[in-house]
Amino acid sequence: MEQTLSIIKPDAVAKNVVGKIIDRFESNNLRVAAIKKLCLTNEDAARFYAVHKERPFFNDLVKFMTSGAVVVLVLEGENAVAKNRELMGATNPKEAEKGTIRADFAESIDANAVHGSDSLENASIEIAFFFAKKEVA
Ligand code: CMP
């Protein structure tokens with residue numbers, strides 16, 4: 001069993017498709033082990049995406065992630081990290097395979113509906129960023 005972090009981003013929250021996205025996870029054997037809705041501050045978003053701070057899209061990314069509420073989840077299941085990334089599809093929705101979350105709900109590489117941890121190691125760092133141990137059950 002693995003755990004991974006998912007963020008349903010401001011574009012998808014604004015479109016009112018939180019439940020539809022969670023259904024993709026649950027229908028594919030990923031269980032919601034933790035969930036909360038919150039608004040990231042500039043500092044939160046910059047810290048969460050610190051690995052990207054030298055990238056040209058960093059400021060736009062922080063601006064977008066603080067533009068509205070997000071829903072953060074811990075997903076649990078067999079191969080949860082890879083499974084979640086498969087369900088999300090490519091970072092750029094225009095390149096995402098048909099039937100993936102980003103192909104179905106995202107508009108652009110910035111407003112791309114969801115974030116998912118890219119490795120087991122980053123999953124545990126990202127989960128700890130948002131959740132106390134007792135909140136994951
Ligand atoms: P995410 O998986 O949340 O990780 C970093 C985010 O930066 C990514 O999704 C995209 O929404 C955003 N981003 C914007 N431009 C790029 C780019 N050129 N390459 C990768 N990520 C980008």
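Read the numbers this way: they start at 1 and go in the same order the structure lists the ligands and their atoms.
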Is Val81 isolated, or which residues cluster with it under the ILVMFWY side-chain rule of less than 4.5 Å, directly or via members?
Leu120

Distance, nearest 0.5 Å, that separates CG of Leu87 from CD1 of Ile101:
5.5 Å

Note the single closest protein heavy atom to atom 6 (C) of ligand 1, along with its residue, its atom name and the distance in Å.
Leu61 CD1, 3.6 Å

So NZ of Lys15 and NZ of Lys9: to nearest 0.5 Å the spacing works out to 12.5 Å

Arg102 bridged to Glu97 by N-O distance under 4.0 Å
no

If the contact criterion is a heavy-atom separation under 4.0 Å, does Met65 count as touching ligand 1?
no

Measure the distance from atom 4 (O) of ligand 1 to every protein heavy atom, then report the residue, atom name and distance (to 0.1 Å) of the closest one.
Tyr49 CE2, 3.6 Å

Evaluate the side-chain proximity of Phe105 to Val114: yes if any heavy-atom separation is below 4.5 Å, no if none is.
no

What residue and heavy atom of the protein are closest to atom 14 (C) of ligand 1, and at what distance?
Asp110 OD1, 3.3 Å

Mark the output for Arg102 as yes if a heavy-atom distance to ligand 1 is under 4.0 Å, and as no if none is.
yes

Please list the nearest protein heavy atom to atom 9 (O) of ligand 1 with its residue and the distance rounded to 0.1 Å.
Lys9 NZ, 3.2 Å

With Leu75 as partner, the option from Leu5, Thr4, Ile22 fulfilling side chain to side chain contact (heavy atoms under 4.5 Å, CB included) is Thr4

Geometric N/O contact His115 with ligand 1, under 3.5 angstrom
yes

What do the steps show when you test Asp104 against Arg24 for salt bridge (Lys or Arg N to Asp or Glu O under 4.0 Å), and what is the final call?
CA-CA 11 Å; Asp104 291 346; Arg24 301 285 177 104; 2.8 Å; yes

Which residue holds the protein heavy atom closest to atom 8 (C) of ligand 1, what is that atom called, and what is the gap in Å?
Thr91 CG2, 3.8 Å

Apply side-chain contact (heavy atoms from CB on, under 4.5 Å) to Phe57 and list each qualifying residue two or more places apart in sequence or on a separate chain.
His52, Arg55, Leu61

Looking at atom 17 (C) of ligand 1, what's its closest protein heavy atom, distance included?
Phe57 CE2, 3.4 Å

Taking atom 12 (C) of ligand 1 as the point of reference, which of Asp118, Ile109, Val114, Asn112 owns the nearest heavy atom?
Ile109

With a heavy-atom distance limit of 4.0 Å, tell me whether Phe64 approaches ligand 1 through its side chain, its backbone, both, or neither.
neither

